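For reference, the structure is listed below as structure tokens.
The model shown is predicted, which means the values in this text are computed figures rather than measured ones.
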Amino acid sequence: MEGVVHTGTDASAVKECFSLTWKNPYVLRLAFSAGIGGLLFGYDTGVISGALLYIRDDFKSVDRQTVLQESIVSMAVAGAIIGAAVGGWMNDRLGRRMAILIADFLFFIGAVVMASAPNPALLIVGRVFVGLGVGMASMTSPLYISEASPAKIRGALVSTNGFLITGGQFLSYLINLAFTNAPGTWRWMLGIAGLPALLQFILMLLLPESPRWLFRKGREEEAKVILRKIYPADDVEKEIQDLKESVEAEIREEGSAKINMMKLLKTKTVRRGLIAGVGLQVFQQFVGINTVMYYSPTIVQLAGFASNKTALLLSLVTAGLNALGSIVSIYFIDRTGRKKLLLISLFGVAISLGLLAGVFHETTSHSPMVSRIQTSHFSNYTCPDYSSATNLGAWDCMKCLKASSPDCGFCASPTDKLLPGACLLSNDTVKDLCHDESRLWYTRGCPSKYGWLALVGLALYIIFFSPGMGTAPWIVNSEIYPLRFRGVCGGIAATANWISNLIVAQSFLSLTEAIGTSWT
């Protein structure tokens with residue numbers, strides 16, 4: 001996923017990881033306790049995509065206003081931008097452990113506010129709180145794991161954070177499915193995120209601070225106690241000395257001339273690195289990954305699948321493939337090389353998006369017609385725009401769904417969803433009447449024989465994106481900058497990623513309304 005540090009590793013490091021952590025489970029406990037931050041990040045990204053379907057059903061203002069739907073999704077991203085910025089300061093001042101505890105507290109408060117929100121405004125407030133927690137956790141969890149892990153298995157353990165992000169997304173779809181028939185559907189989906197936040201809060205209270213941070217603050221004896229628990233007795237003294245020298249060198253480096261933006265841009269190697277690093281982060285978002293993660297059930301409905309539950313079930317495939325892709329990337333990233341993997345990934349993404357555009361063009365241009373006979377069957381609920389139209393023969397499902405004074409829906413034919421159906425007012429009463437006659441009710445997309453091709457396009461998109469564009473931008477950004485500028489440049493690139501994420505999340509649904517799903 002798309003907003004946190006990934007670290008390249010290889011199969012031998014993974015084997016070494018399992019071997020050492022079996023001998024010293026304390027290290028694994030450190031890594032997975034901090035890694036719950038990645039799980040929370042992934043869960044929040046995935047859960048909103050399914051919850052949004054039911055939030056629209058509960059709050060009619062959200063269903064009518066695309067900007068409200070986008071705000072519910074994107075305010076968490078806006079909060080994450082602020083959380084990541086504040087998190088950097090907190091990490092230095094208060095320590096990694098305290099930053100994670102604060103992130104958990106904010107996430108828990110956000111989950112409670114969202115689950116109990118009586119209106120969209122308070123729901124958005126809850127999303128901001130969750131975003132603040134996600135932003136802090138996204139940068140702090142991998143940092144804590146990195147600084148509290150033995151050097152030999154550091155890459156493999158930091159990679160567990162990446163697995164937990166995609167695992168969190170997959171888990172969110174399973175939980176979305178589990179609560180589809182429960183009262184207060186979306187409230188359970190969003191509120192249950194408070195449980196792992198509470199669990200991590202308790203676990204982190206029982207764990208120590210990062211030894212590197214303790215060394216920086218002059219608390220050497222505390223750091224040595226922790227290092228003796230992490231490293232075997234044979235290695236610990238050497239590691240203590242190496243860490244001490246590393247921290248002293250870092251402090252000396254910081255004490256020299258201050259880094260400013262002009263200095264970054266005037267240094268040719270740094271400037272070229274920033275163009276590549278920031279460019280990769282921006283394009284990672286602009287090729288649309290988070291529209292798939294935030295809106296995949298909505299995309300499935302736009303492709304012609306009417307049921308919320310069906311949309312969630314089919315979206316589970318994309319989450320599963322994304323989780324699988326993060327594992328596949330570990331195998332290929334060092335064997336294939338960054339650039340080659342990125343080019344293959346982008347080529348596949350372009351082909352997949354082309355297929356999706358073609359499918360959506362077909363579904364919108366060849367939607368079922370509206371039948372006068374079928375519509376008159378529900379005479380009291382006919383769509384007003386359809387009733388007042390002069391050329392009724394030109395009305396099809398898509399034209400019916402675009403009617404907006406008031407909103408209208410399409411009730412499919414009872415014998416075949418591709419045959420002409422009825423254009424009716426869109427409300428819960430009409431929806432229930434349509435379902436009572438074993439008909440499908442459409443308000444997002446229209447019935448289509450090409451819907452399954454949209455699923456193929458989505459699956460191909462994830463298969464190509466996840467191992468390349470999903471992982472490589474973060475690895476490239478951890479490698480291309482001179483050591484002295486690495487922290488600042490990495491922060492600039494990560495901020496570019498979050499801002500691009502916000503732009504995409506806040507504009508996707510508006511674009512589908514303005515220029516159509518196919519062009520979007």
_Listed partners of Thr364 passing side-chain contact (heavy atoms from CB on, under 4.5 Å), at least two apart_ = Met398
*Taking the side chain as every heavy atom from C-beta outward, state whether Ile175 and Val47 have any pair of such atoms under 4.5 Å apart.*
no
*Evaluate the side-chain proximity of Ser500 to Phe283: yes if any heavy-atom separation is below 4.5 Å, no if none is.*
no
*State plainly whether the residues Asp428 and Lys60 are in salt-bridge range, i.e. N to O under 4.0 Å.*
yes
*asked:* Can you confirm whether Leu123 sits close enough to Val62 that some side-chain heavy atom of one is under 4.5 Å from a side-chain heavy atom of the other?
replied: no
*Quick check: are there more than 12 heavy atoms from other residues, nucleotides or ligands sitting under 6.0 Å from CZ of Phe360?*
yes
_If the condition is ring-ring contact (aromatic ring centres under 6.0 Å, His included), which residues does Trp213 pass it with, not counting sequence neighbours?_
none
*Output the distance between atom NZ (Lys417) and atom SG (Cys411), rounded to the nearest 0.5 Å.*
14.0 Å
*Take Ile109 and Phe105 through the test side-chain contact (heavy atoms from CB on, under 4.5 Å) and record every step on the way to the result.*
CA-CA 6 Å; Ile109 294 296; Phe105 177 74; 3.9 Å; yes
*Mutual orientation of the aromatic rings belonging to Tyr442 and Phe410 [parallel < 30°, tilted 30-60°, perpendicular > 60°]*: tilted
*Is there less than 2.5 Å between the SG of Cys423 and that of Cys400?*
yes
*asked:* Let me confirm one number: the CG-CE distance from Asn91 to Met98, rounded to the nearest 0.5 Å.
replied: 12.0 Å
*Side chain of Gln285, backbone of Trp498: donor and acceptor closer than 3.5 Å?*
no
*What are the two closest non-hydrogen atoms of Ile145 and Ala34, and how far apart are they?*
CG1-CB, 3.7 Å
*Do you know which two heavy atoms are closest between Leu164 and Ile36, and how far apart they sit?*
CD1-N, 4.3 Å
*asked:* Tell me every residue that passes side-chain contact (heavy atoms from CB on, under 4.5 Å) with Ala454, counting only those two or more places apart in sequence or in another chain.
replied: Ala303, Leu356, Val359
*May I ask you to decide if Glu209's main-chain N or O and Arg96's side chain share a donor-acceptor pair within less than 3.5 Å?*
no
*Is any side-chain heavy atom of Val67 less than 4.5 Å from a side-chain heavy atom of Gln506?*
yes
*Shortest non-hydrogen separation from Ala80 to Val134 and the atoms involved*: CB-CG1, 4.5 Å
_From CG (Asp44) to CG (Leu39), nearest 0.5 Å_ = 11.0 Å
*Which pair of heavy atoms, one from Pro414 and one from Glu437, lies closest together, and at what distance?*
CB-O, 4.2 Å
*Is Thr517 reaching over with its side chain to a backbone N or O of Thr512, donor-acceptor style, under 3.5 angstrom?*
no
*asked:* Closer than 3.5 angstrom, by distance alone: can the side chain of Arg127 be matched with the main-chain N or O of Ser74 as a donor-acceptor pair?
replied: no
*asked:* If we ignore hydrogens and angles and just use 3.5 Å, is the side chain of Thr185 paired with the main-chain N or O of Asn181 as donor and acceptor?
replied: no
*asked:* If we ignore hydrogens and angles and just use 3.5 Å, is the side chain of Ser345 paired with the main-chain N or O of Phe464 as donor and acceptor?
replied: yes
*Do any pairs count as a side chain to side chain donor-acceptor pair (under 3.5 Å) and have a residue in residues 98-125, sequence neighbours left out, and if so which ones?*
none
*Tell me, please, which residues at least two apart from Phe201 pass ring-ring contact (aromatic ring centres under 6.0 Å, His included).*
none
*For side-chain contact (heavy atoms from CB on, under 4.5 Å), just list the numbers for Trp186 and Phe59, CA-CA rounded to whole Å, side-chain angles, deciding distance to a tenth of an Å, and then say yes or no.*
CA-CA 11 Å; Trp186 61 270; Phe59 297 129; 3.6 Å; yes
*Looking at Arg29 and Leu206, what are the two nearest heavy atoms and their distance?*
NH2-O, 3.6 Å
*Distance-only, no hydrogens or angles: does the Trp519 side chain make a donor-acceptor pair with backbone N or O of His361 under 3.5 Å?*
no
*Given Gln284 and Phe465, is the side-chain contact (heavy atoms from CB on, under 4.5 Å) satisfied, shown in steps?*
CA-CA 9 Å; Gln284 185 196 64; Phe465 178 91; 3.7 Å; yes
*Report the distance from atom CG of Leu203 to atom CG of Leu198, rounding to the nearest 0.5 Å.*
9.5 Å
_Student check: side-chain heavy atoms of Leu321 and Ser466 closer than 4.5 Å_ = no
*Rounded to the nearest 0.5 Å, what separation is found between the CG atom of Leu190 and the CD1 atom of Ile48?*
5.0 Å
*Measure across Phe378 and Ala422 and return the closest heavy-atom pair with its distance rounded to 0.1 Å.*
CD1-CB, 4.2 Å
_Between Thr363 and Ser518, is there a side-chain heavy-atom distance shorter than 4.5 Å?_
no
*Do the side chain of Arg439 and the main chain of Cys434 share a donor and acceptor less than 3.5 angstrom apart?*
no
*Do Thr520 side-chain atoms and Leu511 backbone N/O form a donor-acceptor pair below 3.5 Å?*
yes
*Under a 4.5 Å cut-off applied to non-hydrogen side-chain atoms, are Pro196 and Tyr43 in contact?*
no
*Do NZ/NE/NH1/NH2 and the carboxylate oxygens of Arg444 and Asp63 come within less than 4.0 Å?*
yes
*Using atom types as modelled and distance alone, determine if a side-chain donor or acceptor of Glu70 lies under 3.5 Å from a backbone N or O of Leu509.*
yes
_Sub-4.5 Å side-chain heavy-atom contact between Ile351 and Leu460_ = no
*Partners of Leu346 by side-chain contact (heavy atoms from CB on, under 4.5 Å), sequence neighbours excluded?*
Val287, Met469
*Between OH on residue Tyr144 and OG on residue Ser33, distance to nearest 0.5 Å*: 7.5 Å
_Between Asp57 and Lys431, does the side-chain contact (heavy atoms from CB on, under 4.5 Å) criterion hold? Intermediate values first, please._
CA-CA 11 Å; Asp57 289 344; Lys431 178 183 173 182; 4.0 Å; yes
